[in-house]
Structures are given as structure tokens and as C-alpha cells.
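Report on the structure given below.
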Number of protein chains: 2
Amino acid sequence: MEAIFLSLFEKGLIHVYTGNGKGKTTSAMGLIVRCVGHEGKVAMVQFMKGWPFYGEIKGLSYLPGVELFRTGSDRCFKKGEHTEVDLREARRGLEIAERCLTDPKYDLVVLDEINVAVHFDLLKVSDVLNLISAKLASIEVVLTGRYAPKEIIEVADLVTEMVEIKHPYQKNVLARKGIEY
Amino acid sequence: MEAIFLSLFEKGLIHVYTGNGKGKTTSAMGLIVRCVGHEGKVAMVQFMKGWPFYGEIKGLSYLPGVELFRTGSDRCFKKGEHTEVDLREARRGLEIAERCLTDPKYDLVVLDEINVAVHFDLLKVSDVLNLISAKLASIEVVLTGRYAPKEIIEVADLVTEMVEIKHPYQKNVLARKGIEY
């Protein structure tokens, strides 16, 4: 894959998918589908996703060359109300991400919901900036989650904001198995 | 999957992914990953994609229960400069979509780039509206592509606009194998 990603760039790019609309994690999963379609090796490191998202976990398990690392507790919390466990889990995710982003076997590394982990003060912006700056040139990295800090947007090559135009949540409907998770 | 999709809604929803940013087709592919993770059956009908997008084709081939139907010629053209072949291929895609959306075996049907086919006058908005109104209640449908017409946005349950905040194309870089296709 190196040849593929480096064919037109001197380095693997930094993507950010943010915004309040649907399609951030799903876009990253779509990139994973394309990447494995080219025999690429992928690591997806999930933050704040201790609760089992069965659809993602099982669906990704069908794709060769994809490793999924899930971190986070299984409970939701308001900003400022995180526990030691939440901090420890985010730190664990950061360490896994550091290992993956410096391992030449990977072509694509997805840091799922890492923007949200920063927003919830589980990680510092500087943690993420250091993580990205230390990555191997050959590796393409994708950061997902709403609330992407401007410092991360500044260093990114490719930023898409998913804007919610219309959503059934507006009709007070809950997340649905198979679509939202 | 019916039970899954109908557990909180009286019908499968109509999703639209539009806008000029990255992540429309990839989001649809991510939904496919989740759907097959729940043993769902999926049809992806692609419009104006006769040119082989190997990453998508091979990547999706790893997912059980996913059928890919590709239509369109392998050439690009400006709006108003389409040929009989382009029209015939779009019509063929519409017919495949009609069959899939009325086949109870499918849980999710993706109409990839159908919005663009309408924008390029290969299909009429009324063709797509009729298509959607005829779908089985149990089937979730996703329409992708920039230029989604307002009539389609009106009937959709869930609309996300992908907004390009930053893109390497701004630096005059071409599409890259493994990421854009």
C-alpha cells in the first residue's frame, strides 16, 4: 500500500471527519473497505467505545488485514464528569495509537472518536498533535468525531464536516442497531 | 434485519448523503459494514460508475450478503454532453434499484451517486421519487452523491451534507487509489 498512498503524495495524509451529522465513523469504515480492497493493512483504534458496537465489530471482522482496538468504559457521562477509568482507557488508546502509527505494517490507521475524547478532556490536544507528528510518513491517518479542535484541523490535509440537515433524532427516536451501531 | 430496522421505526428510513465533501459513498459503505455485522442483506447499485473502482469492488466482496450492481460508462462527461449509452446505463441502474427495493430479501439498498445521475439529467427527479415511494417498508435506502435535489431531501428521513473544509485537491492533487476509489 505504501506505493499506493505515496504515489501522488510524499506522505500518507491526515484526514479529519467531524461535525454533528451522521457519517463520520461510517466514512472511516468505508475507507477501510477500500483500503483492504487494495490489500492494505489497517488498524482502527476506538476511543470512548467500551460499550460493544456489535455491528461494527462483527462487520469489520469480515475484512482481511483489519485490526480493531476498542477502548473506553461502557457508560456515558457529561463533560467534566469522567472518572479515572475513562482517563486510563483514553491513555491506553493513545498508547495503542502510538504503536500503530509507528508500525510500518499499517497503511491506514483510524482514530475513531478521538476528537470527542479531546473534547471530554480525556486527552489533550497536544497529545493528539504529538501522536500525528510522530507517525510514519507512509501511514494514512483518519481522526473522527465531532468537536475537532482547530489545532487538529490546522495540521490536517483533508477535513470534512458532516452537517446534519435532517435527522430522525429530531423526532425523538433512539439510536438503532444496524445503522447507528 | 427487519426486526432491527423496524424495532424503532414503522419503516426502513430514507438516508441522503450529499454535499461537496468527502465521505458520501464511504459512509454508505460503512453502513453496509454495520448492516452485514447484523447478518443483514445488502444491495449496492452504483450509477455513473462504469469505470472499475477496484478498491470498492474488492473490499465489498469480502462482506457476506452484499451484492454490488455497477452501471454507467467508463468515461467522464460534462453536464448536457451525455450519450445514449449513459442514458441506457442509468435506466438499467434504475431498473435494478426497483427490483432490489421491492425484494424482501434485502435489508439495506444503497443507490450510489444516484443524486449525480439526476443532476446530469440521466434520470428525472420523478424517477427517483417513484422508486423510493415503491420501496418495501422493511428496506432501509441510502441515496448518495452531491447535488441532491430538494424534492429528494424533502422525502428523506435523514440527510447529511458533507462539507469540504479542507481538501488536498485544493493543492491540485489527483484522486488516489485506495482512498478516493
Side-chain angles (χ1 to χ4, degrees), chain A residues 1 4-5 7-9 13 15-19 21-38 40 53-64 107-108 140 153 156-168 171 173-181, chain B residues 1 4-5 7-9 13 15-19 21-38 40 53-64 107-108 140 153 156-168 171 173-181:
Chain A
M1 283 293 283
I4 293 164
F5 285 142
S7 58
L8 287 160
F9 289 93
L13 294 185
H15 302 231
V16 171
Y17 290 119
T18 192
K22 256 187 82 60
K24 298 179 291 289
T25 296
T26 43
S27 285
M29 291 196 295
L31 284 179
I32 291 173
V33 170
R34 281 198 185 126
C35 187
V36 302
H38 292 284
F53 290 76
Y54 298 111
E56 291 176 20
I57 296 167
K58 184 160 185 203
L60 289 171
S61 72
Y62 292 118
L63 298 170
D107 302 290
L108 173 64
E140 192 98 3
I153 287 171
D157 301 294
L158 201 154
V159 179
T160 306
E161 181 183 6
M162 277 63 173
V163 178
E164 179 180 299
I165 304 297
K166 205 170 179 186
H167 199 296
K171 304 172 197 158
V173 174
L174 301 170
R176 294 166 314 140
K177 186 174 167 190
I179 289 292
E180 265 77 50
Y181 62 89
Chain B
M1 282 292 283
I4 292 162
F5 286 141
S7 56
L8 287 159
F9 290 93
L13 294 186
H15 302 231
V16 171
Y17 289 119
T18 192
K22 257 188 82 59
K24 298 179 290 290
T25 295
T26 42
S27 284
M29 291 198 294
L31 283 179
I32 290 172
V33 170
R34 282 200 184 124
C35 186
V36 301
H38 291 284
F53 290 77
Y54 297 110
E56 291 176 19
I57 295 166
K58 184 159 184 203
L60 288 171
S61 73
Y62 292 117
L63 298 171
D107 302 290
L108 173 64
E140 192 98 2
I153 287 173
D157 301 293
L158 200 154
V159 179
T160 305
E161 180 183 7
M162 277 64 173
V163 178
E164 179 181 298
I165 304 297
K166 205 170 179 186
H167 199 298
K171 306 169 196 160
V173 174
L174 302 169
R176 294 164 316 137
K177 186 174 166 188
I179 289 294
E180 265 76 50
Y181 64 88

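By convention in this document, chain letters (A, B, ...) are assigned in the order of the sequence lines, proteins followed by strands, and residues within each chain are numbered from 1.
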What residue, out of G21(B), A28(B), P64(B), G19(B), has the most heavy-atom pairs lying under 4.5 Å from chain A? P64(B)
Under 4.5 Å between any side-chain heavy atoms of K24(A) and T160(B), yes or no? no
Taking it one step at a time, do K22(B) and Y17(A) satisfy side chain to side chain contact (heavy atoms under 4.5 Å, CB included)? CA-CA 9 Å; K22(B) 257 188 82 59; Y17(A) 290 119; 3.5 Å; yes
Shortest non-hydrogen separation from V36(B) to Y62(A) and the atoms involved: O-CE1, 3.9 Å
Interatomic distance, CD1@I153(B) vs NZ@K166(A), rounded to 0.5 Å, equals 8.0 Å
Among S61(A), S27(A), G37(A), which residue has the highest count of heavy-atom pairs closer than 4.5 Å to chain B? S27(A)
Minimum-distance pair of heavy atoms, taken over all atoms of L60(A) and V33(B): N-CG1, 3.6 Å
